[in-house]
2 protein chains.
Amino acid sequence: MTQKQTARTTRRKAGSYTIHDVAALAGVSSITVSRYFNCPDKVSAALRERLREIIDRIGYVPSQVAGGLASGHGRVVCAVMQNIASATFADLVKGMTDELQASGLQLLLANAQYSQELEEQAIRTFVGWHPTALILTRHDHTPAAEAMLRALNIPVIEAWGLVPGRPFHQVGFPHIETGAILARHFLEQGATRIQFVMSQTTEDFRAKQRAQGYADAMTSAGIKANVQIVPEDDEFEAGAVCIEGLSHLPADSRPQALIFANDNIAAGAILHAPLCNLILPRDCAIAGFGDAPISARLRPALTTLRPARYQIGQHAARTVLQQLTAAQEGQDSIVEDQLPCDLIVRESSRFHL
Amino acid sequence: MTQKQTARTTRRKAGSYTIHDVAALAGVSSITVSRYFNCPDKVSAALRERLREIIDRIGYVPSQVAGGLASGHGRVVCAVMQNIASATFADLVKGMTDELQASGLQLLLANAQYSQELEEQAIRTFVGWHPTALILTRHDHTPAAEAMLRALNIPVIEAWGLVPGRPFHQVGFPHIETGAILARHFLEQGATRIQFVMSQTTEDFRAKQRAQGYADAMTSAGIKANVQIVPEDDEFEAGAVCIEGLSHLPADSRPQALIFANDNIAAGAILHAPLCNLILPRDCAIAGFGDAPISARLRPALTTLRPARYQIGQHAARTVLQQLTAAQEGQDSIVEDQLPCDLIVRESSRFHL
DNA sequence: TTGTAGGCGTTATCAG
DNA sequence: CTGATAACGCCTACAA
């Protein structure tokens with residue numbers, strides 16, 4: 001023991017090496033070992049080699065916890081997702097971790113299930129971790145959350161949506177616009193009876209934004225918007241119920257085109273259509289949102305919007321890294337980065353007059 | 001400032017309160033504030049109320065970093081996933097976070113993409129966080145990883161798979177058995193020409209285990225196993241290609257049943273079958289694995305196995321918590337918790353002689 | 001290039 | 001029930 005031994009038992013955990021152990025083994029001071037990790041070029045090559053050997057041999061790993069405390073900035077990036085289990089957020093998370101991996105930052109995740117209150121709670125928890133940056137996936141926070149964000153004084157990124165005029169960096173695309181894109185896709189083909197369909201349990205508030213965008217586009221075209229909410233829990237079932245109901249209507253009052261809140265509901269409709277003697281898109285044209293893997297395989301193949309999920313996650317993380325270096329240089333510009341959400345036109349939306 | 005001020009500038013971060021600030025405001029010592037958080041029942045009710053008011057007012061949040069350092073155990077549970085972006089692992093993660101949330105433990109995630117080397121690297125990174133527990137999703141680690149796990153001396157849970165005789169806790173189900181279940185499902189219906197189909201790019205080593213289970217069951221029945229590997233990147237496409245090739249074979253040499261490595265490949269086959277004039281399951285019975293949301297909606301609806309994804313994540317996290325209390329009481333029993341992976345029989349596997 | 005002193009914010013230990 | 005003191009393992013600031 002190199003340390004001054006007090007009368008009481010030391011709290012040192014057995015079996016775990018510290019920077020001091022490495023230093024002692026190498027016959028140098030501990031700060032030199034610290035430099036070996038943080039700025040290797042300030043350590044002589046010979047010593048570097050010796051340290052490397054020792055560290056490898058005993059399997060020393062620096063404590064992120066101690067380092068974070070001492071330096072004042074833990075090497076963590078915290079992200080609050082809205083639905084961890086969904087494919088959308090899974091892709092986002094993968095983009096983030098892939099990008100963060102190289103920089104030695106760890107991603108801390110929380111799940112808010114589309115709830116503002118849960119988001120606030122998650123942010124509060126994260127504050128205790130002194131994160132390097134925060135990634136959120138909505139832009140409407142509780143006042144308390146908003147206050148915390150300002151007080152934190154770290155880069156905050158709002159990913160997925162894109163709303164102008166926010167005080168934080170935005171990476172994503174405008175969801176309200178996506179509803180309009182689909183509406184116009186059908187309007188331009190000459191359709192007039194275009195309906196927007198969502199399931200009752202769609203927690204995703206983004207679906208409502210798309211409905212709004214759809215409604216705006218319809219109104220602009222001088223046509224009354226028509227949003228249907230199907231009272232079903234299961235999304236596929238909701239699509240099936242919707243198409244079933246539609247099959248009972250006379251052809252001339254039936255919607256010519258349906259815009260579904262997402263691809264799952266649309267898939268439910270497409271898969272169920274043959275069972276109620278509807279031929280799609282002849283009897284009704286269809287579009288979805290999200291470009292699920294199955295969408296291109298359905299018959300008819302589903303027209304949909306393809307958000308750059310992975311890229312948004314990746315870009316959000318990259319923005320975090322950029323902000324960190326920019327902050328050192330005193331820069332602080334708010335950026336809105338729009339990433340693509342492309343219209344993928346397939347057979348299902350080939351509208352027939 | 002209550003602290004002895006040295007000549008040099010203090011490193012204290014502006015804008016962030018510490019436990020000492022709270023203590024000063026309340027006119028008590030900081031350890032009392034610490035106790036307010038960690039063992040409230042050791043603080044008088046009156047004081048508790050006063051502290052609560054102050055903490056709420058200034059918005060103090062204890063530093064997890066400092067606490068972790070002082071107590072020797074950070075309040076983090078680390079988990080290494082094999083494919084963060086997949087629905088399977090997304091569900092596992094959700095189960096874990098939901099369960100961990102109440103206990104104040106944070107989940108730290110890493111992605112290993114089915115690679116042993118990446119897993120080792122992730123574990124190494126996690127060691128620096130002094131995790132409370134580690135959750136892994138495979139049981140075959142590199143020797144170096146295995147050594148770290150032993151040295152760590154914390155609860156290690158291996159989730160998803162279930163292999164007897166491991167030195168760590170297991171939560172999941174035996175994957176090799178699932179292949180056998182499907183094989184027997186067809187054997188019992190009198191089929192003899194049963195093929196197992198996987199796509200070339202199936203990184204998931206678990207698919208190979210299922211193939212093995214299938215092969216064993218076939219051999220036991222005195223029938224030669226037949227594993228086909230379709231050289232396609234896209235899983236849906238692989239299924240389509242498989243069924244297409246099959247449609248060119250004469251009916252009496254064609255497999256009577258196909259077991260697909262997962263539901264995606266099976267869905268590709270089912271969706272493509274009508275395009276090559278095959279009627280399923282008449283011309284070929286089909287089964288998958290994973291019970292994707294779409295599987296029940298396909299026509300014919302897909303027979304598959306339903307692993308308790310969310311529950312496995314939840315149970316793994318719960319086991320962590322149990323281990324933590326058990327460790328205090330000196331217990332240390334290795335448990336193998338089998339969670340269900342049920343055979344869901346639907347139309348697609350109704351075998352016709 | 002290397003070292004010394006001290007503090008980061010919290011908790012364990014021992015004492016009242 | 002409350003408090004004083006000394007760590008926890010590392011890093012910043014300053015010095016050589």
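Numbers restart at 1 for each chain; the letters A, B, ... are given by sequence-line order, proteins then strands. Keep in mind that what you see is a predicted model, and the values were worked out from it rather than measured.
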At less than 4.0 Å, is any side-chain N or O atom of A:T18 found next to OP1 or OP2 of D:dG9? Yes or no. no
Should the ring pair A:W129 and B:W129 be called parallel, tilted or perpendicular, given that the plane angle runs from 0 to 90° and is split at 30 and 60? perpendicular
A:E49 atom CD is separated from C:dT1 atom C1', nearest whole Å, by 18 Å
What's the closest nucleotide to the side chain of B:A70 if the choices are C:dT11, C:dG3, D:dC10? C:dT11
Protein-nucleotide distance (A:N38, atom CG; C:dT2, atom P), rounded to Å: 15 Å
Please report the distance, rounded to the nearest Å, between CZ in B:F37 and C1' in C:dT11. 14 Å
Selected nucleotide, minimal atom distance to A:T32 side chain, candidates D:dC10, C:dT10, C:dG3: C:dG3
Expressed as a whole number of angstroms, how long is the span from A:L51:CG to C:dT1:C1'? 13 Å
Between A:R166 and A:E146, is there a salt bridge with N-O shorter than 4.0 Å? yes
If each of B:G67 and A:V43 is mapped to the nucleotide of DNA chain C with the nearest heavy atom, which maps nearer the 5' terminus, i.e. the 5' end? A:V43
Quick test of your reading of the model: are A:E53 and A:R50 salt-bridged, counting only N-O distances below 4.0 Å? no
Any idea how B:F89 and B:W160 line up, ring-wise: parallel (<30°), tilted (30 to 60°), or perpendicular (>60°)? tilted
From C:dT1, D:dC10, C:dT10, nucleotide with atom closest to B:A66 side chain: C:dT10
Base, sugar-phosphate, or nothing: which does B:V28 touch, judged by heavy atoms less than 4.0 Å apart? sugar-phosphate
Between A:K42 (NZ) and C:dT2 (P), how many Å, whole number? 12 Å
Starting at atom CG of B:L69, determine the distance to atom P of D:dA7, rounded to an integer number of angstrom. 14 Å
Whole angstroms only, please: what is the CD1-C1' distance between A:I31 and D:dC11? 6 Å
Side chain of A:P62 only, please: which of D:dC10, D:dA4, C:dG9 is the nearest? D:dC10
Nearest listed nucleotide, side chain of B:S71, among C:dT10, D:dT2, C:dA12: C:dA12
Please say which of A:H315, A:E99, A:K94 ends up in a side chain to side chain contact (heavy atoms under 4.5 Å, CB included) with A:Y310. A:K94
The nucleotide from C:dG9, D:dC1, C:dT1 with an atom nearest the side chain of B:S44 is D:dC1
Please give, in whole Å, the distance from C:dT10 P to B:R75 CZ? 15 Å
